[in-house]
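In what follows, a structure is listed as structure tokens, so that the remarks can point back to it.
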There are 2 protein chains.
Amino acid sequence: MIFEKLKDVNESDLAELLTDFQKIMKRESFSKKELLHKEGTVCNHLFLIEKGIARSFYYKDGKDITAHFAIENGTITAIDSFIQRKNSRYNIELLEDSEIISISHQDMHDLLQEKPQYEKYIRIFLEQIYIDLAERIEDLLFHTAKERYDKLVESTPNLLQRVNLKHIASYIGITQETLSRIRTQV
Amino acid sequence: MIFEKLKDVNESDLAELLTDFQKIMKRESFSKKELLHKEGTVCNHLFLIEKGIARSFYYKDGKDITAHFAIENGTITAIDSFIQRKNSRYNIELLEDSEIISISHQDMHDLLQEKPQYEKYIRIFLEQIYIDLAERIEDLLFHTAKERYDKLVESTPNLLQRVNLKHIASYIGITQETLSRIRTQV
DNA sequence: AAATCTATTTGACAAATGTCAAATAATGAA
DNA sequence: TTCATTATTTGACATTTGTCAAATAGATTT
């Protein structure tokens, strides 16, 4: 299932939506370290990870900060830019050789114009990612670095094997050294 | 303008939407300290603040944590519960005597069934609040407590005069004592 | 395998923030 | 106004996390 966030919606409606979305999806292979999106430009695509792993990141005081990871069946884009049509501060980078499906903003916009009944699913998608984000805020506010780390490991067990420690560290808002120390604690 | 987040959309479309939404809006007066929503129940309303101020909060290890403030023209709900139709961890409390407009989930659902063209506006609304939330995450991750405080003061200057320090402190993720010290620094 | 590059860990110390208790200030009720 | 309650500030100290430098471990290339 590609639109992971829509998995609970009515299946027959969804089938039609998928058919229409298939038409505007473009599948492509990319190598590790390639950028799907570069900062300073408007992000015109929503990416679905079919195989592989991607992260969005940006630079804060010269430091590379991971904002989001996406693995198989997940989605990623420079969300602020994709929504607001303004230049993005984010880069999107592949951390493994990957198979990526991309949907252009324009195509999606056109499809929604043509079939406004799909707005509902976009709305549901947004609701889901909003909830995810709200949970992340709670996490940052009310859990220690160790708790955040444990929670991430639990929710995405094999992320650690696939991603550098420094990316995990910046994602949970701590330095690499602190994360290293946390891991060795019993 | 009540739907603050929709202010950039096409005005003629919006006028019709507003007319329809007016029909499902209920205006009510509440006193300071009243709860618009109580934790442990499903939140069935979206609230618009016409006059006054509200906050959503919950308890973490016995401590009262503010998740969100809403002042005039803003919206508030127990968003996780409103979206997912499950019991909420949040309470919504009024911090002043207030005039509140409420929209029931059911009425909104029915209206969207009847006029699916409005889905688009809900989508835009969600996009906007998603961006707000994403900014809040960046804020928490990459700004010091003092920077977060200054930013809040700048974005909502009179919040301080209207809200207890402890609520501001928990909102920006620090203790009341730390906030008190931050404020006296030059 | 050796050399090189990259990732992770460790040490020593500094800075930021938290905790708990108490003092002071502000507010609201009698 | 006075008293009682609530809000804010301050002090002393503990804990968490950051910074910078160096050491070690692991991976990749030759």
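Throughout, a chain's letter reflects where its sequence line sits, starting with A, and its residues are numbered from 1.
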For this session: Give me the ring orientation class for A/Phe21 and A/Tyr118: parallel if the planes are under 30° apart, tilted from 30 to 60°, perpendicular past 60°.
Result: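 Ring orientation of A/Phe21 relative to A/Tyr118: tilted.
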Exercise. Relative to the ring of A/Tyr171, is the ring of A/Phe69 parallel (under 30°), tilted (30 to 60°) or perpendicular (over 60°)?
Worked result: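 Rings of A/Phe69 and A/Tyr171: tilted, 30 to 60°.
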Exercise. Taking A/Ile101 as the fixed residue, which of A/Arg27, A/Glu28, A/Lys26, A/Gln22 is the one that meets the side chain to side chain contact (heavy atoms under 4.5 Å, CB included) rule?
Worked result: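 Only one of A/Arg27, A/Glu28, A/Lys26, A/Gln22 forms a side chain to side chain contact (heavy atoms under 4.5 Å, CB included) with A/Ile101, namely A/Arg27.
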Exercise. With nearest nucleotides of DNA chain D determined for A/Gly173 and B/Thr178 from heavy-atom distances, which residue corresponds to the more 5′ nucleotide?
Worked result: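 Of the two residues, B/Thr178 wins.
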To the nearest angstrom, how far is [X] atom [atom1] from [N] atom [atom2]?
X: B/Leu179; N: C/dG18; atom1: CG; atom2: C1'; result: 14 Å
X: A/His167; N: C/dT6; atom1: NE2; atom2: P; result: 13 Å
X: B/Arg183; N: D/dA7; atom1: CZ; atom2: P; result: 14 Å
X: A/His143; N: D/dT17; atom1: NE2; atom2: C1'; result: 18 Å
X: B/Tyr149; N: C/dA16; atom1: OH; atom2: P; result: 18 Å
X: A/Gln176; N: D/dC20; atom1: CD; atom2: P; result: 14 Å
X: A/Leu165; N: C/dT10; atom1: CG; atom2: P; result: 12 Å
X: B/Lys166; N: C/dA26; atom1: NZ; atom2: P; result: 18 Å

Problem set entry | Selection from C/dT17, D/dT17, C/dT8 that lies nearest to any side-chain heavy atom of A/Ser180 |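 Nearest listed nucleotide: C/dT8.
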Problem set entry | Minimum-distance nucleotide (side-chain atoms of A/Thr184 versus C/dA7, D/dT9, C/dT10) |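 Closest of the options to the side chain of A/Thr184: C/dT10.
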Please list, pair by pair, any protein nitrogen or oxygen found under 3.5 Å from a nitrogen or oxygen in nucleotides 11-14 of chain D.
| residue | atom | partner | partner atom | Å |
| --- | --- | --- | --- | --- |
| D/dG11 | N7 | B/Arg181 | NH2 | 2.4 |
| D/dG11 | O6 | B/Arg181 | NH2 | 3.0 |
| D/dA12 | N6 | B/Arg181 | NH2 | 3.4 |

For this session: Taking atom NZ of A/Lys38 as the centre, report whether more than 12 heavy atoms of other residues, nucleotides or ligands fall under 6.0 Å from it.
Result: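 It does not: A/Lys38 NZ has 12 such atoms or fewer within range.
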For this session: Taking all non-hydrogen atoms of both residues into account, name the closest pair between B/Asp80 and B/Ser88 and its distance.
Result: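 For B/Asp80 versus B/Ser88, the nearest heavy atoms are OD1-OG, 3.9 Å.
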Exercise. Can you name the closest pair of heavy atoms from A/Leu112 and A/Ile122 and give their distance?
Worked result: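 Closest approach of A/Leu112 to A/Ile122, heavy atoms only: CD2-CG1, 3.9 Å.
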Problem set entry | CD1 on B/Ile174 to NZ on B/Lys146, rounded to 0.5 Å |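 Between atom NZ of B/Lys146 and atom CD1 of B/Ile174 there are 10.5 Å.
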Exercise. Are B/Thr175 and C/dG18 close enough that a side-chain N or O sits under 4.0 Å from OP1 or OP2?
Worked result: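 The answer is yes; a side-chain N or O of B/Thr175 sits under 4.0 Å from OP1 or OP2.
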